[in-house]
Amino acid sequence: MARLAPTVLEVLMIKTRIAPSPTGDPHVGTIYQALFNRVFAHQNGGKFILRIEDTDRTRFNPESQKRLLEMLDWVGLPADESPTAGGPAGSYIQTERVANHQKYAAQMLSNGTAYRAFDTSAELEERRKIAEAAKASYRGYDRRDRNLTREESDARAASGEPFVIRIKAPLEGEVIVQDRLRGAVVFKASELDDKVLLKADGMPTYHLAAMSDDHDMGVTHVIRAEEWLTSSPIHKLIIEAMGWNEPEWIHTPLLRNPDKSKLSKRKSNTSVESYKEMGITPEALVNYLGMMAYSMPDGRELFGFDDLIEHFTWERVSLGGPVFDLGKLTWLNGRYIREVLSLDEVVSRAKPYLEKAGYDISDTVKLEKVIDALRPRFDVFADVPEKAAYFYRDIVFDDKARNKIEEGRGHLAALLPLLENAAWTWGVLEPIIKGYAESTGAKLGAVMQPIRAALTGKLESPGMGELLEALGKELCLKRIKSATN
RNA sequence: GGUCCCAUCGUCUAGCGGUCUAGGACGGUGCCCUCUCAAGGCGCAGACACGAGUUCAAGUCUCGUUGGGAUCACCA
């Protein structure tokens, strides 16, 4: 286990952390927090650490940690210290630190800032219900064991009676938490209750575990979601009870569902993996998250982690909880595809989706032409196979295309011999097609659209030049010919 | 319900007392470009929640109201 007292250097060094619990699918909210924490630590020459909070054994999911770490790597926000990266602060898995938590709980017990409570969960549940039935708002634990004598408490514990350890929160006065974003947040002591620090199974609760681990690991700035704000006074009390240095508190606004409630799996897509699967690029995801509650000083919307390192300040964080809008994320992703990523990058990121669809993309020259033609026409990579279908699969004609071929069959038949001897570049094909239209007095569209329909089975596609060249002479002639029958 | 947080277009936001008849972006809508569809360009519609103060002057400061959110577990 790590030394308990941080060195001078560590105290001076800014350390931030995220402390996710490995319970389910990697959540965008975790990535959002990682972004704040990593940006702030790194722009100050500090460290960003990740600690797995797995003290809830009932919800523990063994795959979860690995997947979370993978997603942080994927978005380019890996922790400097973590279970896999290691680091000087001891284990980065909370359950491996319970000896410390228990030791601290014992210290609080002996210095009088905590006490044993022998109520069972069932008893507490019942009292809670009674309070609700009486229409009295539940005021938290009734503190009935707070004044047990030391002797009685020790005796009952020694006799094997199960107990939890609770903090002795002050009965009067107030606890003031200085939040970097909101200033002084005042909590009346009378509103606080004696939260459990150590559960009956010997495991710490979040309150104790997070605060003591933060202390032991030298965390200087607790940057976490706003949902923690109301429990921050308890955290401050724990820190005071142990005589530790108080970190700076920064409670960031919560990502929201469209109905403004806290972003949830039920109402929104919170799975980072699913965004990856649908073909959102990690750069766009980070960029999008970066514009949630934050804006660049010059108003630009396209920016990355390095830009944040350069410009991020808490002063520019707005406090209203931003609604996570898939539409805007998708649009932003589209901008990365057509403005930020090189064609090579777009091609290589599109490949897996095409392969998965079973397309033969061994012709890399063709692939590049296809992707280039499609580039302004898709926002997420998962859409590529469908958009590229007629380049790699037999045509599926829709009704409108069928009709258009019917209308233009004469043109197609007349054009075919002109095309058969042509060199297959738009430079030579364009004059042929346009010349044909001109000489017959046909509107260009009346000629083009039947060709398009014959080539793609649709009435919408990339430009004729891109289409002809990407498809290649052989395929084009074959399709036009078959359309004339 | 108690406590705490928050409050500019539907959404993301700019705005840190006068430059705001409130700017940008997504989405919507119209036009242009054009072989279609996109992309792109140019327009349009669309917001300071309300009420008191403070001030010569308030979207910007204060208070209240209203509204939204979070939290009240031996979960994190």
Side-chain angles (χ1 to χ4, degrees), chain A residues 19-23 53-56 58-59 94 117 119-121 124-125 128 132 135-141 162-166 177 179 181-182 185-188 190-193 195-207 209-210 225-233 251 253-254 256 258-262 288 291-301 315-316 318-325 327-332 334 338-339 373-378 387 404 430 433-434 437 443-449 451-453 456 458-465 467:
Chain A
S21 56
T23 52
E53 308 242 327
D54 56 346
T55 52
D56 182 355
T58 61
R59 297 201 305 159
Q94 194 156 65
D119 322 77
T120 65
S121 298
L124 292 173
E125 182 61 27
R128 200 173 295 129
E132 276 166 23
K135 285 186 189 161
S137 51
Y138 179 64
R139 307 291 295 201
Y141 177 56
F163 62 88
V164 300
I165 294 180
R166 286 180 181 273
V177 174
D179 180 87
L181 263 17
R182 306 149 214 276
V185 182
V186 181
F187 298 87
K188 286 199 191 66
S190 56
E191 301 296 338
L192 270 23
D193 80 332
K195 293 290 183 215
V196 172
L197 301 174
L198 204 68
K199 306 179 221 175
D201 64 1
M203 281 288 179
T205 59
Y206 171 87
H207 307 301
E226 189 183 352
E227 56 187 323
W228 293 108
L229 186 57
T230 49
S231 49
S232 61
H251 292 94
L254 241 19
R256 312 288 188 95
D259 70 1
K260 303 278 194 181
S261 56
K262 176 168 80 167
Y288 182 67
M291 58 202 267
M292 295 278 85
Y294 172 79
S295 63
M296 279 296 202
D298 63 1
R300 83 184 99 142
E301 293 201 286
E315 288 63 42
R316 293 197 64 81
S318 57
L319 265 15
V323 171
F324 191 93
D325 179 15
K328 190 154 185 178
L329 170 58
T330 299
W331 163 80
L332 191 62
R338 68 190 99 91
E339 294 177 39
L374 256 23
R375 196 137 65 135
R377 294 177 171 79
F378 66 91
K387 300 266 184 190
K404 189 60 72 178
E430 183 174 21
I433 296 171
K434 289 190 173 170
K443 280 188 167 177
L444 191 54
V447 177
M448 289 285 215
Q449 283 302 72
I451 302 175
R452 170 167 284 112
T456 69
K458 304 173 194 313
L459 258 27
E460 307 87 37
S461 85
M464 191 53 65
L467 199 54

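Convention: sequence-line order gives letters A, B, ...; per-chain numbering from 1.
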Query - Span that lies between the P atom of B/A45 and that of B/A25, in whole angstrom - result: 15 Å
Query raised in the report: Does a side-chain heavy-atom distance below 4.5 Å link A/Leu181 with A/His251?
Result: no
**Report entry** Nucleotide of B/U36, B/C74, B/A70 approaching A/Val196 most closely (side-chain heavy atoms)
**Finding:** B/C74
Report summary line: Side-chain contact check for A/Lys434: nearest option of B/C35, B/U36, B/C12 is B/C35
Report task. Indicate, yes or no, whether a donor-acceptor pair under 3.5 Å links the base of B/C75 to the side chain of A/Arg59. Result -> yes
**Report entry** A/Arg182 side-chain N/O to B/A7 phosphate OP1/OP2 under 4.0 Å
**Finding:** no
Query raised in the report: Going from CE on A/Met292 to CG on A/Leu329, what distance comes out if it is rounded to the nearest 0.5 angstrom?
Result: 9.0 Å
Query raised in the report: Checking all strands, does A/Gly463 fall into the base, sugar-phosphate, or nothing category for heavy-atom contacts under 4.0 angstrom?
Result: base
**Report entry** Ring geometry between A/Tyr288 and A/Phe324 (parallel below 30°, tilted from 30 to 60°, perpendicular above 60°)
**Finding:** perpendicular
Requested in this report: Classify the nucleic acid contact of A/Met291 as base, sugar-phosphate or nothing, counting any heavy atom under 4.0 Å across all strands shown.
Outcome: sugar-phosphate
Requested in this report: Just call it for A/Val447: base, sugar-phosphate, or nothing, with non-hydrogen atoms closer than 4.0 Å on any strand.
Outcome: nothing
Query raised in the report: CG of A/Leu229 versus P of B/C4: gap in Å, rounded?
Result: 11 Å
**Report entry** B/U34 and B/G67, which share atom name C1', separated by this distance in whole Å
**Finding:** 49 Å
Query raised in the report: Which nucleotide in the list B/C4, B/A76, B/A25 gets nearest to the side chain of A/Lys199?
Result: B/A76
Report summary line: Paired to B/A52 by Watson-Crick or G-U wobble criteria (both distances under 3.5 Å) is B/U62
Report summary line: Answer for the Watson-Crick or wobble partner of B/C26, both distances under 3.5 Å, is B/G10
**Report entry** Minimum-distance nucleotide to A/Glu339 side chain [options: B/G24, B/G40, B/C35]
**Finding:** B/G40
Query raised in the report: Looking at the side chain of A/Met448, which of B/A14, B/U71, B/C35 is the nearest nucleotide?
Result: B/C35
Query raised in the report: 5'-most contact on RNA chain B: A/Leu459 or A/Trp331, nearest heavy atom basis?
Result: A/Trp331
Report task. Determine the contact category for A/Thr120: base if any of its heavy atoms lies under 4.0 Å from a base atom, sugar-phosphate if only primed atoms, P, OP1 or OP2 are that close, otherwise nothing. Result -> base
Query raised in the report: Does atom NZ of A/Lys387 have more than 12 heavy-atom neighbours, drawn from other residues, nucleotides or ligands, at distances under 6.0 Å?
Result: no
Query raised in the report: Which heavy atom in A/Gln94 sits nearest to a heavy atom in A/Ala210, and how many Å separate them?
Result: NE2-N, 3.7 Å
**Report entry** Phosphate-side-chain proximity, A/Ser295 and B/A14, N/O vs OP1/OP2 below 4.0 Å
**Finding:** yes
Query - Nearest-nucleotide 5' precedence on RNA chain B, A/Thr205 against A/Asp193 - result: A/Asp193
Query raised in the report: Please give, in whole Å, the distance from B/C4 C1' to A/Glu227 CD?
Result: 14 Å
Query raised in the report: Checking only heavy atoms, does the side chain of A/Lys328 share a donor-acceptor pair with the base of B/A25 at less than 3.5 Å?
Result: yes
Query - Short side-chain N/O contact from A/Lys260 to OP1 or OP2 of B/C6, under 4.0 Å - result: no
Query raised in the report: In whole angstrom, what separates A/Ile165's CD1 from B/A73's P?
Result: 20 Å
Report task. Kindly write out the residues that satisfy salt bridge (charged side-chain N to carboxylate O under 4.0 Å, His left out) with A/Lys458, not counting sequence neighbours, or none if the list is empty. Result -> none
Query raised in the report: Given the C1' atoms of B/A22 and B/C48, what is the spacing between them in whole Å?
Result: 7 Å
Query - Sugar-phosphate, base or nothing in reach of A/Pro22, heavy atoms under 4.0 Å - result: nothing
Query raised in the report: Closer than 4.0 Å, any side-chain N/O of A/Arg316 to the OP1 or OP2 of B/G15?
Result: yes
Query raised in the report: Which one, B/A76, B/A70, B/G68, comes nearest to the side chain of A/Arg256?
Result: B/G68
Query raised in the report: CG of A/Leu319 versus C1' of B/C12: gap in Å, rounded?
Result: 15 Å
Query raised in the report: So, are A/Lys199 and A/Asp201 salt-bridged, with charged N and O less than 4.0 Å apart?
Result: no
Query raised in the report: To the nearest Å, how far apart are A/Leu198 CG and B/A73 C1'?
Result: 15 Å
Report task. Can you figure out which of B/A39, B/C35, B/A70 approaches the side chain of A/Arg338 most closely? Result -> B/A39
Query raised in the report: Which is true for A/Ala453 with a 4.0 Å heavy-atom rule: it touches a base, it touches only sugar-phosphate, or it touches nothing?
Result: nothing
Report task. Scan A/Leu124 against the nucleic acid and name what it touches under 4.0 Å (heavy atoms): base, sugar-phosphate only, or nothing. Result -> base
Report task. Describe the nucleic acid contact of A/Pro253 in one word from base, sugar-phosphate, nothing, applying a heavy-atom distance below 4.0 Å. Result -> nothing
Query - Side chain of A/Arg452 (C-beta onward), nearest among B/U13, B/U36, B/C4 - result: B/U36
Query - A/Arg375 side-chain N/O to B/A39 phosphate OP1/OP2 under 4.0 Å - result: no
